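No experiment lies behind these values; they were computed from the predicted model shown. In what follows, every heavy atom counts, from backbone to side chain, and hydrogens, waters and symmetry copies are set aside.
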Amino acid sequence: PVLLVAGAFGAGKTTLLARWMAEPAFASAAVLVNELGEACVDTALLRGTSPAALALAGGCACCGAREALAASLEALAGRHRANAPFDRVAVELAGLAHPRALLEDFTRDPRLRERFPLHGLATVVDAAVGTGALAASSARAQLAAADLIVLARSEHCAPDAWRRFAEAARRINPHAELVRGDAEAAQVWHAAGAASGRELRYLEAALGDAPHGAGERAHPEGIAVHTLCLGEPVELSAYCLRLAAFLEAHADSVLRIKGLVAVRGRHGPAVIQAVRGELQPVRTLGQWPAGAVSALVVVARGLDAAAISAALS
């Protein structure tokens with residue numbers, strides 16, 4: 001069975017998956033991570049928790065990498081069945097992924113239905129951001145189709161704010177199960193599979209958005225993914241100042257930055273993250289994850305590779 005995990009950039013999908021994989025209920029789960037950039041950052045981070053982690057690269061799973069999903073699931077099974085058997089799969093979707101196309105694939109593709117039945121769609125939202133996190137069309141589409149809504153960072157919300165956020169989410173999707181971000185993996189899995197009215201919910205989600213097929217755009221025009229490889233270790237505090245200045249100058253253009261960056265004098269990399277124009281607290285790892293390289297993945301609207309490289313290389 002497959003659990004799709006959707007959510008906007010910075011909602012906390014990778015953090016939650018890493019925690020779930022460390023719990024007994026998900027100890028025998030595999031993870032497929034939809035990576036937008038050439039540097040597979042989230043996959044590298046999750047491999048520290050789940051050895052059965054594989055990247056689904058080549059673009060967003062609902063459009064550019066859509067045809068690769070079934071093949072990647074088969075590759076995951078073939079690669080890990082012999083030496084690391086698993087009994088379920090979690091697929092982390094990219095922040096812009098529209099779930100409609102994927103839900104159609106799991107319904108119509110007999111190979112997927114037989115080998116990898118859909119257990120449910122869990123959509124992660126950052127409750128600490130407030131109802132503004134629900135404004136984007138992609139976020140609303142992910143919520144509308146969800147079997148389960150996971151309110152991440154709900155512990156940072158005052159009771160009134162939590163209640164308003166939960167009510168706003170339920171107005172978009174009154175049928176989905178709703179759990180707090182600190183819910184255990186077993187509760188998440190059960191709630192996603194037990195949600196009622198799935199067929200009606202998926203149909204409503206499909207009818208609520210303009211269709212997109214081959215050759216049609218699934219995402220707003222002008223959004224591009226840039227992978228910036230860093231050849232030399234950086235001095236961390238100075239580099240963070242450069243990142244902050246870049247984000248301030250392009251606050252309306254940069255949707256997401258994520259990467260592992262080599263740091264002078266440290267054995268492991270720094271984990272760099274920025275979302276909604278804000279640099280998140282930086283942490284360093286004790287060692288490099290297997291296969292990881294020093295690089296940043298930048299998702300931006302209207303910025304070319306040369307401008308990003310000039311500012312951050």
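For His250, the NE2 atom is densely surrounded, since the number of other residues' heavy atoms within 6.0 Å is greater than 12. For Glu23, the CD atom is densely surrounded, since the number of other residues' heavy atoms within 6.0 Å is greater than 12.
Leu236 contributes atom CG, which lies 11.0 Å from atom CZ of Arg264 (distance to the nearest 0.5 angstrom). One finds the NE2 atom of His190 at 11.0 Å from the CG atom of Leu148 (value rounded to the nearest 0.5 Å). Of the inter-residue distances, the one linking Arg170 atom CZ with Leu143 atom CG reads 11.5 Å to the nearest 0.5 angstrom. A distance of 4.5 Å separates CD of Gln273 from CZ of Arg256, quoted to the nearest 0.5 Å. Here the straight-line distance linking atom CZ of Phe246 with atom CG of Leu296 works out to 9.5 Å at 0.5 Å rounding. Between the CD1 atom of Ile149 and the CD atom of Gln142 there is a distance of 11.0 Å, given to the nearest 0.5 Å.
Note: Phe26 and Trp189 have perpendicular aromatic rings, judged against thresholds of 30 and 60 degrees for the angle between ring planes.
When atom types are taken as modelled, the side chain of Asp126 and the backbone of Ala11 share no donor-acceptor pair closer than 3.5 angstrom. Judged purely by atom type and a 3.5 angstrom limit, Lys13 uses its side chain to pair as donor or acceptor with the backbone of Gly7.
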What verdict does the side chain to side chain contact (heavy atoms under 4.5 Å, CB included) test give for Val293 and Trp288, after you've listed the backbone C-alpha separation in whole Å, the side-chain angles of each residue and the deciding distance to 0.1 Å? CA-CA 8 Å; Val293 297; Trp288 280 87; 5.7 Å; no
Does Val271 form a side chain to side chain contact (heavy atoms under 4.5 Å, CB included) with Leu260? I'd like the steps, not just the answer. CA-CA 5 Å; Val271 181; Leu260 298 175; 3.7 Å; yes
May I have the step-by-step check of side chain to side chain contact (heavy atoms under 4.5 Å, CB included) for Asn34 and Val91, ending in yes or no? CA-CA 7 Å; Asn34 183 200; Val91 180; 5.7 Å; no
Mind running side chain to side chain contact (heavy atoms under 4.5 Å, CB included) on Val33 and Leu17 for me, showing each step along the way? CA-CA 10 Å; Val33 185; Leu17 273 171; 5.9 Å; no
